[in-house]
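A quick note: this is a predicted structure, and the numbers were derived from the prediction, not measured.
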Amino acid sequence: MTAGNDSVAELLPMVFAAPNEALARARTLLDSAPPPSHASVAHQVIGIWQRDWGDLRLALEHLRRARDLAARAESAEREADVLATLGVALVHAGRTRQGLAAFEQGVRRGSGHTRARVLYRRAYVWWVLGHHREALEDVRRAIPVLRQTGDVIWTARALTLRATVHLALGAVERADADFTAAEALWDTTGQEHDKADAVESRGLAAFRAGDIPAALRLLDEAGERYAKLGTPTFMLNIRRCEVLMAAGLAPEALAEADAAIAVLDGIGGQSTRKAELLLAAARAARLAGDPGTAIARAAVAVRLFSGQRRGWWEAHARLVLIEARFASGRGYGRLVADAARVAERLESSGAPAAPEAWLLAGRIALHLDWTADAERYLRVAARSRRSGPPLARITGWAAQALRAQAAGSGRGVLEACRRGLAVLDDHRMTLGASELRARATAQGAELAALAQAVSLAGGGPRRLLEWSERWRATVLTAPPTRPPADPVLQSGLTAFREIAARAEEARRDGRPVPALEREQRRLEREVRSRTLHMRGDAPGGGYRFDVAGLLERLGGGRLVALAVLDGRVQVLLCGGGRVRRFAGGQVDRAEREAEHVQAALRRLAHPRAENRLPLVEAMGRRLEEVLLGPAARHLGSGPVVVVPPARLHSVPWSLLPSLRERVVSVSPSAGSWLRARETEPPAGGRHVLVRGPGLATGGAEVPEVADRYGRATVLEDADARVPRVLEELDGAALAHIAAHGDFRADSPLFSSLRMVDGPLIVHDFERLARSPYRIILSSCDTARLASVGADELLGLVTALLPLGTAGVVASSAPVNDEAVVPLMLALHKGLGDGLSLAEALRDARAAVPSDATHQATGWAFTAFGAA
């Protein structure tokens, strides 16, 4: 490389187009003993690289050297440019006063085009510090000069910065206009890092507009671009954390923030970025229900922001700190004043988080019965219910509901809850992935609880049922969005299946599999990321639960809906033309009893556990006492549908004495049971039987069941591969799948059934045009589900119900493979005689041997739905 003026001038633009190449060229230039002006450029390039992607201490050393060389070269413009770069580095190092002083000197030394660039970088620093009005003023002065001189790159940077500041002030439309203008300019340049930054910024704009799938897609695209450049992505990490938290994925956001902090500490990176990452980690920990971690992270963030003189950021960190302290029960009296002060600071700076802070102040005041203070704070918070992004409006309606509750207006509470949940319905249905829809419901949990409490106090059982249904299993009201063809997703699923199969084979052979497991986890992340990008297209609020219609369809049967209010089970018994309420026991006790029963059933799956059978039956009696209470005596003689809350999904209902000899089915909600009743079976009546590998009995029931149905399609051995299985399952009337099940509590939509070529996962079923009308899953753990969001369940069974399946039989516990065979044969005999799944399962339990293993196997299976 020569030391000519042209080649040296190329270095500074190159640092954001090809950072690593620019770094290498700058070092080569310094080796050639260049004149002071050229050496100043080289040191500035190295300083920028170290500032943004390396060691901040080294960055300051190089930038100070670049400043001194510029002064020796007697170039005021060169010196002004370096001073601006140095000012950014000093602020990122937490030396705010020194950084601002460097900018003052740079503005004085530069003129024209150079001064405009200095003003742009000072505007960036004002944004970092949270001084948004000052940032807008500096960038306003810079943009006309940059445009007049035809400086495309710096004009695009300035427009991107102005858009980002507009977002911080809640001006989404202005931000979108600036992002669009900047993107058009970037398309004319080769600035790859700046282009990636533009994509990242568009992701932030999509998030602020409430479009979470688009935000995730754009941020992932930006991450791919940064990866090609080999540059760290701390700002991207922060923004991804924001979006993940809004999507209900707080534990993942906490893990991402903590991992980024570790990387930043390892390279001696920017103190400002560390403070922002700590704030993200604190918010994520609070949302994940870990107030201790939230307090620890937020306290350090407050200290760093304060030392950096970043008041806007400090106020946000203090908000999280107060929220976490309130959640942990610390110092309520002082927290009211603290929250109000933070709310005032946020509102004065135009921060969108101000309503959240006012709501927090009002909520703490209500907790202390300071009604006048609470009304004042909640009234301010409630203003946000009329406009803005969905989550801000939900905050406003929550404040309005609390105001009405404090005023003793039950009608006002219900109206505010109805309006707030309608906003969340519309937002939720913009999400294509069932996981995001389920997790998004957590945003309305408080509204739902307030409405249920009012209904319990004075609205009667029917109203309590309506509000319980209003917020139960809402993710099942519409199927997840499925793109007609996504080759990238299909390729990812195929690769995941291949790696998972190889890992399973290696484990069976006793070989170590860490490399395969790492690759499997990577592919899981890719598949999941792809599904989270899907945007929903179903309108919200279309379905309304009809109590009268439910009572009519029940006929002589009963539906038992269990609601949990203030930690206690409320039993809503529907049937005989009315809804009655009975008080159950404490839900915590019910959960403990259900866990004990599950453990006992696991033991009974093995021989020589006969003496435990009376213990399990006694557990069933205790469970009934807690869950049903006096309602058990009013069930009538007909079939019973149980609608449990998500927390009680693992209860083996047929073990309860009053249900043991009944026709019992389980549904995630009364509404989903009604929809299942109305689902028509497909024409043609195809039967599909699948045998997966590795079963102790080899799926011994399948040949006999095939003989019973005559023209059934049997998939086994090489035919039991995922693509062929999915092809045959699509639109079948009945599917029986004998295959090992694997429930993934850490990632429920990767729960699977083992086929010859690898796992058949929930994401595969979601690609079916219509899942089978009836499905029987004869292996272990296929009915296990994960509770997420407000009262939602994720797993294999709940994935099938919105896709056209009206009934499922599955097991919620490990079962004895040999004992499954007679149970399944008896079940299919009942189906052949025209019985429903629930009726056939009841008769099948009675038909199997009475020993402990066979009885426990029968109790482990549950009929879901209404087919």
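- A salt bridge is defined here as a Lys NZ or Arg NE, NH1 or NH2 lying under 4.0 Å from an Asp or Glu carboxylate O, and E221 with R225 meets this definition.
- The closest side-chain donor-acceptor pair between R78 and S37, if any, does not fall under 3.5 angstrom.
- Between the side chain of S75 and the backbone N or O of A71, no donor-acceptor pair lies under 3.5 Å.
- Applying the salt bridge (Lys or Arg N to Asp or Glu O under 4.0 Å) test to D68 and every residue at least two apart in sequence or in another chain returns nothing.
- We find that R286 and E356 are joined by a salt bridge, their nearest charged nitrogen and carboxylate oxygen being less than 4.0 Å apart.
- Checked against the 6.0 Å centroid threshold, H193 and Y226 count as a close aromatic pair.
- Between E61 and R65 no salt bridge is recorded (no basic side-chain N to carboxylate O distance below 4.0 Å).
- A pairwise comparison of heavy atoms in A250 and M245 identifies CA-CG, 4.4 Å as the closest pair.
- Each of D52, L23, V45 was checked for a side chain to side chain contact (heavy atoms under 4.5 Å, CB included) with V15, and the lone residue meeting it is V45.
- Of the charged side-chain nitrogens involved, none lies within less than 4.0 Å of a carboxylate oxygen, so that R318 and D338 do not count as a salt-bridged pair.
- Between R64 and L90 there is a side-chain heavy-atom pair separated by less than 4.5 Å.
- Remark: side-chain polar atoms of R273 are not paired, donor with acceptor, to backbone N or O of F234 under 3.5 angstrom.
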Take F179 and H166 through the test ring-ring contact (aromatic ring centres under 6.0 Å, His included) and record every step on the way to the result.
CA-CA 10 Å; F179 279 135; H166 281 318; 9.6 Å; no
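- The closest side-chain heavy-atom distance from L83 to V118 is not below 4.5 Å.
- Judged as a side-chain hydrogen bond (donor to acceptor under 3.5 Å, both in side chains), the pairs with a partner in residues 126-136 (not counting sequence neighbours) are, in order, W126-D138.
- Taking 4.0 Å as the cut-off between side-chain N and carboxylate O, E137 and R140 count as a salt-bridged pair.
- Ion pair R122/E104 flagged as a salt bridge, since at least one NZ, NE, NH1 or NH2 atom sits closer than 4.0 Å to an Asp/Glu carboxylate oxygen.
- Side-chain contact between W312 and L129: absent, with no pair of heavy atoms (C-beta onward) separated by less than 4.5 Å.
- Counting all heavy atoms, side chain and backbone alike, L229 lies closest to P19 at CD2-CD, 4.2 Å.
- R310 places a side-chain N or O within 3.5 Å of a backbone atom of T272 that can act as its donor or acceptor partner.
- Remark: L204 CG to E242 CD distance equals 6.5 Å, nearest 0.5 Å.
- A heavy-atom distance below 4.5 Å is not found between the side chains of T160 and D178.
- For the pair R240/D220, a side-chain contact is recorded, criterion being any heavy-atom separation below 4.5 Å from C-beta on.
- A donor-acceptor distance shorter than 3.5 angstrom exists from the side chain of T149 to the backbone of V145, with no hydrogens or angles considered.
- E256 contributes no side-chain N or O that, together with a main-chain N or O of C241, makes up a donor-acceptor pair within less than 3.5 Å.
- Across every non-hydrogen atom of L169 and S349, the tightest pair is CD2-O, 3.4 Å.
- In this structure, K195 and W186 approach most closely via the heavy-atom pair CE-O, 3.0 Å.
- A salt bridge between E79 and R67 is absent, with no side-chain N of the basic residue lying under 4.0 Å from a carboxylate O of the acidic one.
- With 3.5 Å as the limit, one finds no donor-acceptor pair spanning the side chains of Q191 and D197.
- The existence of a salt bridge linking D151 and R117 is confirmed by a sub-4.0 Å separation between a basic side-chain nitrogen and an acidic carboxylate oxygen.
- A donor-acceptor contact shorter than 3.5 Å links the side chain of T96 to the backbone of Q308.
- Between the side chain of T293 and the backbone N or O of D290 there is no donor-acceptor pair closer than 3.5 Å.
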